[in-house]
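Position 1 is the first residue of the sequence, and the numbers go up from there. Nothing here was measured: the structure is a model prediction, and the numbers come from that model. Just so you know, these numbers use all the heavy atoms, side chains as well, and skip hydrogens, waters and symmetry mates.
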Amino acid sequence: MKNQILVTGGTGYIGSHTVVELQQAGFDVVIVDNLCNSKAEVVDNIEKITGIRPQFECFDLTERQAVRDFFGKYKQIKAIIHFAALKAVGESVSKPLEYYRNNLTALMNILEAMRDFGVPNIVFSSSCTVYGQPEHLPVTESTPRLPAESPYGNTKAISEDIIRDFCKATQGVSAIALRYFNPIGAHPSALIGEAPVGVPNNLVPYITQTAAGIRQQLSVFGNDYNTPDGTPIRDYINVVDLSKAHVVAINRLLNGSNKANYEYFNIGTGRGLSVMELVNAFIKSTGVDLNYKIVGRRAGDIEKIWADTSLANNELGWKAEKNIEETLLSAWNWEKNVRGIK
Ligand code: NAD
Ligand code: UFG
């Protein structure tokens, strides 16, 4: 019998790609999502890619009884990947309570259900945001976490701590937190990808929407940083590579090869790219010209960060494989598919 995995937030951007990778690795997947930032048709598109329809339950994970009813019904779940969260950094500054309530209450309901229903394993979506602007680069897992810049970032740091304490106190449970750097790109089928609601906050969706003519111009937020070309540096990781790291983490937990019952790993490429390098790579790989303008800095942005991925490479045996050109091309193919552009 296939091992059954619960993927919360499974109709979302990273969740949907991970469901595909899990199914292709032979897992049976159940998705829970309340569709507050995704669409039910993603389930159809997952099925088009894999030929297997994941089970889908639509409810809000902040509702404690609904979570308990779910685990009462699905008794075979061997592990959880917990993606479901609100993630807009700027919005979290103006709506802190909504962010703390959604992200922390959902997590605690799930952990409580793990304890009460005997589900032993969880993989958690964390973020490199927990490092703030680090003093030394690249960041390793021993780089100290810094106070979060936003309520969103704080929910990630607090969630990591809650999971650590829960694992310490609860026999038979194990967790892996994956600290993602900047996920970009889409599935090569162009059937699933990032579908931001309204004006995108993130760089790559803004680029692809500008290239598609939906936005007039990309604003490059600042070229006066202390970096070679003056624009900020990030570690952009292909979403399919990132999704595969979840399959590896799940296997590690299921076969008990984890070295502690709470572990955390950086998931990036190990390579930093500036905003202008990314813009130029987009133009080069797609052949589409991009209208952009250098404007002032965006409040709260950090200058530069990229990952030391040695721990994930050596301990998990996972490595990012796709290059930036094919990743940007995948993002553009997805945008074209969504917009009906030939
Ligand atoms: P997303 O918004 O596309 O997916 C999250 C999904 O969770 C959505 O489908 C949403 O409807 C669902 N959801 C939110 N609250 C819920 C609730 N209370 N009950 C049920 N469903 C709920 O986001 P994503 O980019 O796929 O991110 C997935 C995870 O990875 C999040 O935890 C996010 O914080 C984390 N992360 C994302 C990035 C990034 O840049 N995309 C970087 C680091 C970490
Ligand atoms: N940028 C622009 N123009 C835009 C959008 C972004 O120049 O229109 C620049 C930003 O200033 C930044 C870089 O592109 O220098 C990347 O910005 P993103 O918004 O794409 O990504 P961030 O690194 O700011 O934040 C992302 C996620 C957060 C997460 C963080 C760390 O959005 O949720 O990575 O994981 F916390």
Side-chain angles (χ1 to χ4, degrees), residues 1-33 38-58 74 76-84 119-125 176-178 180-181 183-195 236-258 265 267-269 309 312-313 315-324 326-334 337-338:
M1 214 174 75
K2 290 179 173 182
N3 279 319
Q4 191 169 64
I5 313 293
L6 163 61
V7 178
T8 77
T11 47
Y13 173 44
I14 308 169
S16 58
H17 289 81
T18 302
V19 171
V20 166
E21 295 305 316
L22 285 167
Q23 289 184 326
Q24 289 178 340
F27 290 101
D28 176 23
V29 178
V30 185
I31 294 173
V32 170
D33 201 298
S38 56
K39 296 210 167 80
E41 69 200 36
V42 170
V43 178
D44 303 332
N45 291 333
I46 291 171
E47 185 182 5
K48 277 185 203 150
I49 296 171
T50 63
I52 307 162
R53 191 167 186 83
Q55 296 180 77
F56 174 47
E57 298 280 351
C58 185
Y74 289 88
Q76 299 303 321
I77 289 171
K78 298 282 186 303
I80 301 163
I81 308 184
H82 183 44
F83 290 106
V119 181
N121 302 303
I122 185 165
V123 174
F124 175 69
S125 299
I176 294 179
L178 299 179
Y180 315 154
F181 282 66
I184 61 165
H187 192 266
S189 64
L191 287 167
I192 53 173
E194 191 170 8
Y236 296 95
I237 162 103
N238 182 290
V239 68
V240 175
D241 281 340
L242 171 63
S243 297
K244 287 180 177 163
H246 294 78
V247 178
V248 172
I250 285 291
N251 280 325
R252 181 176 176 88
L253 292 173
L254 291 180
N255 66 31
S257 52
N258 48 322
F265 297 94
I267 303 294
T269 66
T309 59
N313 300 157
E315 194 55 50
L316 294 179
W318 168 91
K319 199 172 186 313
E321 281 166 358
K322 295 185 189 289
N323 65 40
I324 193 68
E326 69 178 308
T327 299
L328 290 169
L329 200 52
S330 73
W332 177 229
N333 287 337
W334 157 248
N337 191 22
V338 170

**OP:** Just jot down the salt bridge (Lys or Arg N to Asp or Glu O under 4.0 Å) partners of Glu315, sequence neighbours excluded, or say none.
**Re:** Arg252, Lys259

Original post:
Are any of the side-chain nitrogens in Arg53 or Asp44 under 4.0 Å away from the carboxylate oxygens of its partner?
Top reply: yes

Original post:
Hey, what do you get for CD (Gln4) to OH (Tyr74), rounding to the nearest 0.5 Å?
Top reply: 7.5 Å

Subject >> Non-neighbouring partners of Glu326 that pass side chain to side chain donor-acceptor pair (under 3.5 Å), sequence neighbours left out >> reply: none

Subject >> Exam field: side chain His17 to backbone His187, donor-acceptor pair closer than 3.5 Å >> reply: yes

**OP:** Compute whether any side-chain donor of one residue and acceptor of the other, for Gln23 and Thr50, lie under 3.5 angstrom apart.
**Re:** yes

**OP:** Give the ring-plane orientation class for Phe83 versus Tyr180, where under 30° counts as parallel, over 60° as perpendicular and anything between as tilted.
**Re:** tilted

Original post:
To the nearest 0.5 Å, how far apart are NE2 in His246 and CH2 in Trp318?
Top reply: 10.0 Å

**OP:** Quick one: closest heavy-atom pair of Thr269 and Tyr236, and the distance?
**Re:** CG2-O, 3.3 Å

Original post:
Roughly how far, to the nearest 0.5 Å, is the CD1 atom of Ile184 from the CG atom of Leu242?
Top reply: 11.0 Å

Original post:
Could you walk me through whether Val240 and Lys322 pass the side chain to side chain contact (heavy atoms under 4.5 Å, CB included) check?
Top reply: CA-CA 9 Å; Val240 175; Lys322 295 185 189 289; 4.0 Å; yes

**OP:** Walk me through it: do Ile31 and Gln55 pass the test side chain to side chain contact (heavy atoms under 4.5 Å, CB included)?
**Re:** CA-CA 6 Å; Ile31 294 173; Gln55 296 180 77; over 6 Å; no

Subject >> Closest contact, heavy atoms only, Gly268 versus Ala320 >> reply: O-CB, 3.9 Å

Original post:
Which heavy-atom pair separates Ala331 from Gly185 by the least distance, and what is that distance?
Top reply: CB-CA, 3.9 Å

Original post:
So, for Lys39 and Thr11, which heavy atoms are closest and what is the spacing to 0.1 Å?
Top reply: O-CB, 3.9 Å

Subject >> Heavy-atom pair of closest approach, residues His82 and Thr8 >> reply: ND1-OG1, 2.7 Å

